[in-house]
Amino acid sequence: MTYTREFRNPDVAKHLLERIADTVRDHAGSMTFMEVCGTHTMAIYQHGIRSLLPEKIRLISGPGCPVCVTPVDYVDHAVALARRPGTVIATFGDMVRVPGSTSSLVNEQAAGADVRIVYSPLDAVALAAKHPDRSVVFLGVGFETTAPTIAGSVIEAQRRGLDNYFVLCAHKTIPGPMAILADDPGLQVDGYLCPAHVSAIIGAEAYEPLARDHKVPSVVTGFEPLDMLQGVEMLARQVVAGEAKVEIQYSRVVKAGGNPKAREVLYRVFEPCDARWRGIGVIPGSGLGLRPEYAAFDAATRLPVEVEEPREHQGCACGEILKGKVTPRQCPLFRTACTPENPVGACMVSSEGTCAAEYKYGT
């Protein structure tokens with residue numbers, strides 16, 4: 001606890017805020033920094049960081065919530081699998097309440113489907129071993145942070161000779177959408193607060209193309225309030241100096257080269273593929289699909305089901321919120337038709353969603 005308190009020291013926070021104000025005082029124009037990590041989004045709201053910064057600095061949230069960026073057709077596919085006789089759906093908790101076109105996994109569970117919340121992909125492997133007469137499908141949602149553990153579950157299932165364990169893949173890699181949003185003339189992103197968990201795997205070097213090709217400063221930042229403030233200060237200094245480079249604020253965890261062992265496991269099982277992002281569309285090479293030698297674990301091909309035509313919910317602004325183009329309060333459904341108890345969009349469901357953060361901590 002003492003270690004945590006050191007990163008929430010109010011005196012140090014005040015000093016950092018003064019340094020940020022000094023840095024931008026004589027700079028002409030404003031600066032817009034985007035965080036692309038759901039945990040960063042929650043931290044910014046929880047600690048009121050946005051309101052502490054000079055008016056010249058604007059923080060916006062990007063596509064950093066893995067559940068939020070998962071498109072509606074994937075939810076529909078999971079719902080169709082849940083309705084398949086003899087099938088168990090195993091998933092992390094947030095996914096069960098994400099609305100599909102006409103249903104959700106929690107609705108299917110209430111109707112009798114076997115939908116189980118697990119805390120690890122290996123829990124799903126254990127379920128497959130315990131129920132050899134049933135097909136266990138793990139919902140493979142998440143960025144480079146969770147993909148290595150899911151890859152490990154596939155390797156473990158293969159080692160144990162399980163032929164009833166499957167993964168419905170929707171993994172995504174984060175640098176692709178960051179590059180697209182960097183070039184979006186409607187956004188004008190002046191700097192990225194890069195995701196800490198993802199960066200621990202892929203390393204800060206993965207953002208070098210953003211700085212080199214798109215001229216956007218990037219700082220890999222931790223989650224505590226002082227981490228966030230120092231990350232903002234580092235970005236502001238780059239903008240004022242006219243620089244665009246990659247820096248690591250979260251050096252106690254993240255290295256330039258990331259975690260080679262985790263990446264080896266990840267890319268032993270998965271390979272890059274095109275992926276559809278909610279609100280952004282298909283980004284070539286931004287997904288992770290099972291390699292041919294692990295095709296036996298692919299729920300999409302091994303367990304054919306009829307999936308309904310996807311339909312987005314009218315009025316839901318999740319897509320624009322994930323691109324940082326509107327705020328939750330600009331969505332006509334926020335706090336009215338869409339609440340945590342009755343979510344219309346994924347951004348209100350997930351514990352890392354921008355709408356959930358605004359609902360819980362916004363003023």
Side-chain angles (χ1 to χ4, degrees), residues 35-42 61-75 77-78 81 89-98 105 115-125 137-157 165-178 194-203 206 223 254 258-259 262-263 265-280 283 285-291 294 297-300 318 322 346-347 349-354 356:
E35 90 273 359
V36 280
C37 171
T39 310
H40 278 157
T41 300
M42 274 292 170
S61 302
C65 165
V67 170
C68 302
V69 299
T70 301
V72 69
D73 59 306
Y74 178 87
V75 180
H77 198 157
L81 286 169
I89 300 295
T91 178
F92 297 137
D94 281 0
M95 280 300 296
V96 299
R97 298 180 64 238
V98 177
L105 288 172
V115 179
R116 307 192 191 191
I117 295 174
V118 296
Y119 296 98
S120 161
L122 290 179
D123 293 343
V125 174
V137 179
F138 182 76
L139 302 187
V141 172
F143 299 122
E144 295 94 329
T145 317
T146 54
T149 63
I150 298 169
S153 77
V154 172
I155 293 171
E156 176 63 12
Y165 176 70
F166 306 94
V167 177
L168 185 64
C169 294
H171 311 291
K172 292 178 173 58
T173 54
I174 202 67
M178 292 173 72
C194 299
H197 289 148
V198 166
S199 302
I201 304 298
I202 65 176
F223 302 109
V254 175
N259 185 327
R263 288 203 308 278
V265 173
L266 190 163
Y267 286 110
R268 191 194 317 171
V269 175
F270 296 115
E271 61 184 2
C273 65
D274 297 347
R276 182 181 302 279
W277 296 64
R278 188 189 296 264
I280 300 177
I283 303 177
S286 69
L288 294 170
L290 288 161
R291 290 186 176 277
Y294 294 99
F297 299 93
D298 189 351
C318 269
L322 289 167
C347 296
V349 177
S350 174
S351 60
E352 296 185 336
T354 305

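Since this is a predicted model, take the numbers as computed values, not measurements.
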Looking only at heavy atoms, what is the nearest atom pair of A124 and A90, with distance?
CB-CB, 3.8 Å
How far does CD1 of I117 sit from CG of D123, to the nearest 0.5 angstrom?
12.0 Å
Sequence neighbours left out, cut at 3.5 Å: what donor-acceptor pairs do the side chains of residues 269-277 make with other protein atoms?
{"residue": "D274", "atom": "OD1", "partner": "G285", "partner atom": "N", "Å": "2.9"}
{"residue": "W277", "atom": "NE1", "partner": "S286", "partner atom": "OG", "Å": "2.8"}

Evaluate the side-chain proximity of L322 to I280: yes if any heavy-atom separation is below 4.5 Å, no if none is.
no
d(F223 CZ, T41 OG1) to nearest 0.5 Å is 10.0 Å
Distance check, rounded to the nearest 0.5 Å: R278 atom CZ versus Y74 atom OH?
12.5 Å
Please confirm whether the ring centroid of H197 lies under 6.0 Å from the ring centroid of F143.
no
Within the side chain of N259, is there an N or O that forms a donor-acceptor pair under 3.5 Å with the backbone of I202?
no
Listed partners of F92 passing ring pair (Phe, Tyr, Trp, His ring centres under 6.0 Å), at least two apart
F138
Test item: Y294 side-chain N/O and I155 main-chain N/O as donor-acceptor pair under 3.5 Å
no
Verdict with supporting geometry, E35 and S61, side chain to side chain contact (heavy atoms under 4.5 Å, CB included)
CA-CA 5 Å; E35 90 273 359; S61 302; 2.5 Å; yes
Considering non-hydrogen atoms only, spot the tightest contact between V254 and A196 and give its length.
CG2-O, 3.6 Å
Kindly give the heavy-atom pair with the smallest separation between L266 and A147, and that separation in Å.
CD1-CB, 3.8 Å
In a check of side-chain contact (heavy atoms from CB on, under 4.5 Å) between P66 and each of K172, H171, E352, which one passes?
E352
Reported SG-to-CD1 distance for the pair C194 and I174, which is rounded to 0.5 angstrom:
9.5 Å
For C169 and L288: C-alpha separation, side-chain torsions, deciding distance, then whether side chain to side chain contact (heavy atoms under 4.5 Å, CB included) applies.
CA-CA 7 Å; C169 294; L288 294 170; over 6 Å; no
Compare every heavy atom of V141 with every heavy atom of A170, then report the nearest pair and how far apart it is.
CB-CG2, 4.3 Å
Measure across C347 and C68 and return the closest heavy-atom pair with its distance rounded to 0.1 Å.
CA-SG, 3.6 Å
Please assess V167 against V154 for the test side chain to side chain contact (heavy atoms under 4.5 Å, CB included), listing each intermediate value before the final yes or no.
CA-CA 8 Å; V167 177; V154 172; 3.9 Å; yes
Does some side-chain heavy atom of D94 sit less than 4.5 Å from a side-chain heavy atom of S351?
yes
Output every pair passing side-chain hydrogen bond (donor to acceptor under 3.5 Å, both in side chains) with a member in residues 138-154, not counting sequence neighbours, ordered by first then second residue.
S153-Y165
Any T354 side-chain heavy atom under 4.5 Å of C65 side chain
no
Can you confirm whether I89 sits close enough to R116 that some side-chain heavy atom of one is under 4.5 Å from a side-chain heavy atom of the other?
no
Do L139 and L105 come close enough that some side-chain heavy atom pair is under 4.5 Å?
yes
Is there a donor-acceptor pair closer than 3.5 Å between any side-chain N or O of S199 and the backbone N or O of P195?
yes
Would you find a donor on one side and an acceptor on the other, under 3.5 Å apart, between the side chain of R268 and the backbone of A151?
no
Which heavy atom in A300 sits nearest to a heavy atom in D298, and how many Å separate them?
N-OD1, 3.0 Å
List the steps and the verdict of side chain to side chain contact (heavy atoms under 4.5 Å, CB included) for T70 and V98.
CA-CA 10 Å; T70 301; V98 177; over 6 Å; no
